[in-house]
Protein chains: 2
Amino acid sequence: MAQLDTVSRILDTAEMLFAEKGFAETSLRTITSKAKVNLAAVNYHFGSKKALIQAVFARYLDPFSKRFNEEMDLLESRHQGQSIPLNAVLETLTTTVITMPSPTRNGLSVFMRLLGLAYTQAQGHMRRYLQEQYGSIFYRFTSMVRSASSDLPDVERFWRLHFMLGSAVFTMSSLDALKDIAEQDFNEQTRVRDVVQRLIPFVSAGMSAPIPELIPSEHQDDA
Amino acid sequence: MAQLDTVSRILDTAEMLFAEKGFAETSLRTITSKAKVNLAAVNYHFGSKKALIQAVFARYLDPFSKRFNEEMDLLESRHQGQSIPLNAVLETLTTTVITMPSPTRNGLSVFMRLLGLAYTQAQGHMRRYLQEQYGSIFYRFTSMVRSASSDLPDVERFWRLHFMLGSAVFTMSSLDALKDIAEQDFNEQTRVRDVVQRLIPFVSAGMSAPIPELIPSEHQDDA
DNA sequence: GCGTTTATCAAACGAATGTTTGAAACATAA
DNA sequence: TTATGTTTCAAACATTCGTTTGATAAACGC
């Protein structure tokens with residue numbers, strides 16, 4: 001293994017450890033010792049632990065959102081004016097994820113797990129950062145989903161969009177563990193793209209499920 | 001508000017704070033000061049912070065899994081021998097969740113967020129604890145899902161089961177935030193049971209989606 | 001060459017954490 | 001009341017954390 005520079009070694013190691021144990025549970029001392037760099041290196045190169053966490057995300061998400069934007073441009077130009085089917089929107093997202101060259105030395109699933117962590121693990125500053133940096137591209141995506149499912153009531157689509165997101169993020173974030181189980185139980189190797197190809201019809205069918213009638217409850221014990 | 005005993009005050013406050021900030025990010029000093037009990041009370045009554053975390057889960061999950069087991073007994077006895085439809089299995093789970101009297105002074109959504117946290121936020125000891133304590137009831141549930149979707153190939157069902165789980169866990173874990181957004185955007189208050197009633201048709205449709213043909217890729221760049 | 005910037009390093013700092021201690025307060029029963 | 005067991009409390013303990021410091025080394029421009 002060729003010796004990378006200090007910054008890259010820190011980023012790779014931090015990414016891996018954050019994905020394994022979470023942000024608060026991973027100390028700078030663990031990171032720097034595993035990365036074989038001096039403890040002070042993190043504060044020297046990144047400024048603080050918070051900034052390191054953000055840098056880990058930025059290294060992946062910056063090129064990703066750039067590519068995803070381009071792919072959405074392409075998709076829209078291919079459908080000049082015509083409405084874009086939901087499946088096409090979803091596949092644009094997933095192929096971007098799958099085909100993007102990873103700036104990381106860790107696998108795709110490591111970063112996926114990280115994204116899942118970022119989503120749940122409140123970490124106030126993290127949510128704010130992701131919102132500020134990548135809110136607009138997320139908005140563009142949801143807008144396309146909206147046009148692709150214009151038959152759905154707004155409220156219904158709102159929730160289904162998050163059901164969809166949940167399936168994706170959750171599965172991706174525990175992908176390594178799940179792949180191991182699947183390979184052990186069914187004796188066949190599973191690739192990331194296989195999981196994604198299974199995910200699309202699932203969420204796609206979910207999005208066009210019949211709309212439920214909400215049954216009001218007689219007693220009102222929760223808001 | 002009637003003054004509860006020390007143990008309950010600690011449990012309620014811990015549950016709330018854990019759900020808000022995560023486990024590692026919530027210190028015993030924050031918990032005890034908000035609960036208006038002495039710092040040493042946690043170690044006196046629970047032994048350690050880890051034990052407190054487990055106690056928070058046990059207080060909810062013990063009665064829950066007891067009830068859920070009973071409901072599954074009932075469901076099976078009602079379908080003596082006949083196969084149970086998937087929707088019935090899912091609805092048994094959700095009605096158990098919704099109708100269960102909460103041992104908590106916090107709302108259902110607080111605990112849901114906590115469950116989501118527990119699932120993603122690895123916390124080695126937590127995963128082990130949940131697996132040991134509640135693994136068998138989870139296995140019983142998945143077995144019922146299997147019989148209720150016997151037309152699906154095993155591999156396909158395996159992944160779809162986790163897609164389903166993902167939708168549920170993720171939505172529930174960010175339920176409060178999502179409810180706020182929904183209420184602000186659509187000007188109507190959403191109850192936990194409404195979200196669940198929306199979730200069922202979504203995952204149900206996903207489970208019976210057409211089975212995709214996996215397209216092999218020409219170049220093999222990921223495992 | 002020299003001067004200046006950039007990077008690495010061991011050591012220490014101050015703050016925050018989970019836990020323990022031993023005394024005080026309280027409750028219960030003989 | 002006295003004796004005994006339980007609970008509360010302020011204080012301290014031992015670690016661990018992120019961060020800073022000042023010295024040393026390496027790299028670069030001229």
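Here the structure is a predicted model, which means the values were calculated and not measured. Quick note on labels: first sequence line is chain A, next is B, and so on, each numbered from 1.
Close to D:dT16, at under 4.0 Å from its OP1 or OP2, lies no side-chain N or O of A:S27. Note on B:H45: every side-chain N or O is 4.0 Å or more away from OP1 and OP2 of D:dT6.
Checking D:dG18, D:dA11, D:dT7 against every side-chain atom of A:L28, the shortest atom distance belongs to D:dG18. In the set D:dT8, D:dT21, D:dT19, the nucleotide with an atom closest to the side chain of A:L39 is D:dT19.
For DNA chain C, the span of nucleotides reached by chain A at under 4.0 Å from its heavy atoms goes, 5' to 3', from C:dT6 to C:dA12.
Under the 4.5 Å side-chain criterion, counting only non-hydrogen atoms from C-beta, B:T92 is in contact with B:E71. Between A:V56 and A:T104 the shortest side-chain heavy-atom distance does not fall below 4.5 Å. Between B:D62 and B:Y134 there is a side-chain heavy-atom pair separated by less than 4.5 Å. By the 4.5 Å heavy-atom criterion applied to side chains, B:E76 and B:M144 are counted as neighbours. The closest side-chain heavy-atom distance from A:T190 to B:W159 is below 4.5 Å. Using a 4.5 Å heavy-atom cutoff, the side chains of B:Y129 and B:M126 are in contact.
Across all strands shown, A:T32 has no heavy atoms under 4.0 Å from either base or sugar-phosphate atoms. Counting any heavy atom pair closer than 4.0 Å across all strands shown, B:T26 reaches sugar-phosphate atoms only and no base atom.
Between B:V42 and A:A41, the residue anchored closer to the 5' end of DNA chain C is A:A41, taking for each the nucleotide with the nearest heavy atom.
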Contact state string [nucleotides 23-29 of chain D, B base, S sugar-phosphate only, - no protein heavy atom under 4.0 Å]
-------
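Between the CG atom of B:N43 and the P atom of D:dT8 there is a distance of 14 Å, rounded to whole Å. The CD1 atom of B:I10 sits 11 Å away from the P atom of D:dC9 (whole-angstrom rounding). Protein atom CD of B:E25 is 12 Å distant from nucleotide atom P of D:dG18, rounded to whole Å.
Side-chain rings of B:H162 and B:F158 approach one another, their centers coming within less than 6.0 Å.
Legend: salt bridge (Lys or Arg N to Asp or Glu O under 4.0 Å) pairs involving residues 162-174 of chain B, not counting sequence neighbours: none detected.
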